[in-house]
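Worksheet: one structure, shown below.
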Amino acid sequence: MKVDSKELLLDAKKRGYAIPAPDYIDLDSARAYVEVAEERGLPVILSYAQKHVDIMSLEEAALVGNFLAEKASVPVVLHLDHGFDKDFIFKAIDLGFSAAMIDASEASFEDNVKITKEVVDYAHKYNVPVEAELGHVGANDLSEARALTDSVYTEAKDVVRFVEATGVDSLAVSIGTAHGVYSGTPEINFDRLEEINQATDIPLVLHGGSSSGDENLKKCAQKGVAKINVYTDFIVAAYEAIQKEKPEGYVELKKTADQGMRAVLDHYYDVFETERYKEGK
Ligand code: 13P
């Protein structure tokens, strides 16, 4: 069933687990994620990123996402990931997205507050929770992000002011991860995470989950990160499966890619200890 993210994220934060937020770029990836969620009996945050608009339009993403979310036997949040402009986000909400992110993390603190507040005011009229980003999660060479950027760590002292001024429901923080694949394993600043977590009651979000190290991600989930975004690991796994198994024919190739992606989500459910969701049921 399609749900919004509010209660799910609060429960995850309370119980010390995280819900995976995989980005879908077509029907196949979206279907693979929802099927794994159903097999595991766990919620999933089915995410569509504005930057993928050239692969799949917002309208196409809404059709696919609404269809799969509504017929699913488990809670599915239809989430707009990295919305960069208000009109795009408002349109996504009008098309049925049940959660949205405004990413104004490259703007000044004041402008980030102003833009985020405008999105919150619109979204809350439709009971759509909003995620914003404070500090900036940068991008590695192998990222498909819009541009390579350096990370700027989130300052705990800014978090309270930001949350109060915007009324945002969850917050993406920058504590050492980056979008894309790393040459090694990133160093996560857990002290900073703890400081931020103590400064606010709202659930925290970690972007750039791919290849961040399972122990790192598990620890983040235990320390207030309720949602972890993963994208690159899925497309890398799909491509590696194709190279390894050398499927014959296009239909077999698609199936092989799906299997590669499914295994990644299954793995991250274990790493994020999402099974704890069931303790609250
Ligand atoms: P990765 O591609 O590094 O997993 O980042 C995904 C992400 O943060 C999407 O918002």
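Counting starts at 1 for both ligands and their atoms, in listed order.
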Note to self: List the residues meeting side-chain contact (heavy atoms from CB on, under 4.5 Å) with D214, not counting sequence neighbours, and say none if there are none.
What the structure shows: H267, Y268, V271
Check: How close do V230 and S210 get, heavy atom to heavy atom, and via which atoms?
Finding: CG1-OG, 3.5 Å
Margin query: salt bridge (Lys or Arg N to Asp or Glu O under 4.0 Å), that's the test. Do K91 and D85 meet it? Break it down for me.
Written below: CA-CA 10 Å; K91 194 166 174 197; D85 62 80; over 6 Å; no
Note to self: For ligand 1 and G208, I'd like to know whether there is a polar contact (N/O to N/O, distance under 3.5 Å).
What the structure shows: yes
Next item on the list: Output the list of atoms in ligand 1 that are nearer than 4.0 Å to some heavy atom of G180, sorted by atom number.
Entry: 1 (P), 2 (O), 3 (O)
Checklist line | Qualifying side chain to side chain donor-acceptor pair (under 3.5 Å) pairs, either residue in residues 11-24, two or more places apart | finding: D11-R15, D11-Y17, K13-N197
Item checked: Residues S212 and N216: side-chain donor-acceptor under 3.5 angstrom -> no
Next item on the list: Within a distance under 4.0 Å of any heavy atom of Y231, pick out the atoms of ligand 1 and give their elements.
Entry: 1 (P), 2 (O), 4 (O), 6 (C)
Notebook entry, point to check: Just which atoms of ligand 1 are under 4.0 Å from any heavy atom in H207?
Noted result: 8 (O), 10 (O)
Next item on the list: Given ring pair (Phe, Tyr, Trp, His ring centres under 6.0 Å), test H179 with H82 step by step and report yes or no.
Entry: CA-CA 12 Å; H179 295 101; H82 289 288; 5.0 Å; yes
Notebook entry, point to check: Against heavy atoms of H82, which atoms of ligand 1 measure under 4.0 Å?
Noted result: 10 (O)
Note to self: Closer than 4.0 Å to some heavy atom of T232 - which atoms of ligand 1 meet that?
What the structure shows: 1 (P), 2 (O), 3 (O), 4 (O)
Item checked: Proximity of T177 to ligand 1 by residue part, where a heavy atom lies under 4.0 Å -> neither
Checklist line | D81 and ligand 1 - part of the residue with a heavy-atom distance under 4.0 Å | finding: side chain
Note to self: Using a 4.0 Å heavy-atom cut-off, which part of A178 comes near ligand 1: side chain, backbone, both, or neither?
What the structure shows: backbone
Next item on the list: Decide whether an N or O pair under 3.5 Å exists between K51 and ligand 1.
Entry: no
Next item on the list: Check whether any side-chain N or O of T177 sits under 3.5 Å from a backbone N or O of H207 as a donor-acceptor pair, and report yes or no.
Entry: yes
Next item on the list: Would you mind listing which atoms of ligand 1 come within a distance below 4.0 Å of any non-hydrogen atom of N229?
Entry: 4 (O), 6 (C), 7 (C), 8 (O), 9 (C), 10 (O)
Next item on the list: Could you tell me if any non-hydrogen atom of A49 lies under 4.0 Å from any atom of ligand 1?
Entry: no
Next item on the list: Apply the test side chain to side chain contact (heavy atoms under 4.5 Å, CB included) to residues K2 and V76: give CA-CA distance (whole Å), side-chain angles for both, the deciding distance (0.1 Å), then the verdict.
Entry: CA-CA 5 Å; K2 186 169 75 169; V76 177; 5.8 Å; no
Next item on the list: Rounded to the nearest 0.5 Å, what's the gap from CG on L134 to CG on D103? Could you check?
Entry: 11.0 Å
Checklist line | Ligand-side contact atoms (ligand 1) for residue partner G209, heavy atom cut-off under 4.0 Å | finding: 4 (O)
Check: Got an N/O contact under 3.5 Å between D233 and ligand 1?
Finding: no
